[in-house]
Number of protein chains: 2
Amino acid sequence: MMNLAADFPTKKNIKEISQEEHISSKYLEKLMGILKKNQLVRSVQGQGGGYFLAKKPGQITAGEIVEILDGPIAPMKCSSAKCKMAEHCSASSVWSELEKEMKKFLYKQTLEKLIKNNQTKKYVRK
Amino acid sequence: MMNLAADFPTKKNIKEISQEEHISSKYLEKLMGILKKNQLVRSVQGQGGGYFLAKKPGQITAGEIVEILDGPIAPMKCSSAKCKMAEHCSASSVWSELEKEMKKFLYKQTLEKLIKNNQTKKYVRK
DNA sequence: TTAATTCAGACTAATTTAGTAGGATTTAGA
DNA sequence: TCTAAATCCTACTAAATTAGTCTGAATTAA
């Protein structure tokens with residue numbers, strides 16, 4: 001029988017990630033489950049198993065991750081949902097404009113870029 | 001005795017504003033109290049009293065109002081506060097950059113601009 | 001068969017938020 | 001001086017959200 005777990009060398013298991021990221025492993029399990037359901041990561045079950053990215057880091061953005069884990073990117077609940085007050089709400093245009101800005105920014109931030117930034121950070125500090 | 005209430009012709013009382021803005025007068029009272037404490041509005045007490053802006057509409061920004069009524073402008077709690085995780089958190093730079101963008105945008109939106117936009121909105125619709 | 005792992009979903013506890021309640025204080029005008 | 005109309009003050013409540021736990025089932029390599 002083939003060894004599924006050995007086929008994806010970049011995979012990491014919950015234990016490893018939870019230690020690196022200082023998150024409780026139980027909570028991380030939950031989050032990874034959500035990411036998997038939304039096809040941002042894939043996984044191998046069983047002994048030697050773990051998780052790995054489902055796409056290249058350059059093709060995964062902060063925007064996607066946020067919307068999957070936190071729900072809609074929006075400064076206010078009313079900014080994206082069609083708010084029934086919008087007609088006589090003087091603020092609604094501010095919120096919807098701000099929402100656009102936030103999305104624009106977050107969908108520009110790829111994991112690849114983030115990794116690079118973080119490497120620079122470490123380099124500068126040392 | 002002079003009539004304080006008559007000195008500020010642009011003032012409006014809670015009842016009027018709450019009807020225009022479709023907010024309960026009790027809740028609005030609370031909000032106006034906060035705005036007053038933070039010197040965005042001033043008020044005249046007693047019969048015939050009400051609220052009025054403490055500065056010109058061009059000098060009041062959405063950013064100020066939001067920070068006064070909602071607290072710090074931030075996409076995450078950790079973005080402005082010095083998060084102890086920041087050192088090994090790969091996301092922290094994303095949040096702090098996004099926070100900057102949000103502030104930049106909101107502090108550009110003056111009430112004067114908002115009023116103009118809203119007039120245009122009405123004009124276009126009719 | 002066993003140990004290491006993901007998977008699933010119900011549950012909990014803390015915090016935040018929107019909004020209310022009740023009454024005290026201030027002031028214009030009759 | 002009295003009354004009504006207004007702001008002011010502050011404690012309370014209820015609902016929603018969020019971060020995180022608990023328990024145990026299913027899967028797989030060795």
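The chains referred to below are lettered A, B, ... by the order of the sequence lines, with proteins before strands, and numbering in each begins at 1. Worth knowing before you read on, the calculation uses all heavy atoms, side chains too, and leaves out hydrogens, waters and symmetry mates.
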Next on the checklist: I need the NZ-C1' distance between B/Lys77 and C/dT17, as an integer number of Å.
Outcome noted: 12 Å
Item to check | DNA chain D: 5'-proximal contact among B/Met76 and B/Lys30 (nearest heavy atom) | outcome: B/Lys30
Checklist entry - Quick one: which of C/dT6, D/dC22, D/dA19 gets closest to the side chain of A/Tyr27? => result D/dA19
Item to check | A/Asn13 (side chain) donor-acceptor with A/Lys15 (main chain) under 3.5 angstrom | outcome: yes
Next on the checklist: Does B/Gln45 contact C/dT26 through a side-chain donor or acceptor facing the base, at a distance under 3.5 Å?
Outcome noted: no
Checklist entry - Which nucleotide in the list C/dG29, C/dC7, C/dA21 gets nearest to the side chain of A/Ser43? => result C/dC7
Checklist entry - What nucleotide among C/dC7, D/dT21, D/dT7 has an atom nearest to a side-chain atom of B/Ile14? => result D/dT7
Item to check | Rounded distance in Å - NZ (B/Lys15) to P (D/dA5) | outcome: 8 Å
Item to check | Whole-Å gap separating P (C/dC7) and CZ (A/Arg42) | outcome: 12 Å
Checklist outcome for this item: Testing D/dT28, C/dT6, C/dT27 for proximity to the side chain of A/Gln47, the answer is D/dT28
Checklist entry - Hey, is the side chain of B/Lys11 pairing donor to acceptor with the base of D/dT7 inside 3.5 Å? => result no
Checklist entry - Between A/Leu35 (CG) and C/dT6 (C1'), how many Å, whole number? => result 14 Å
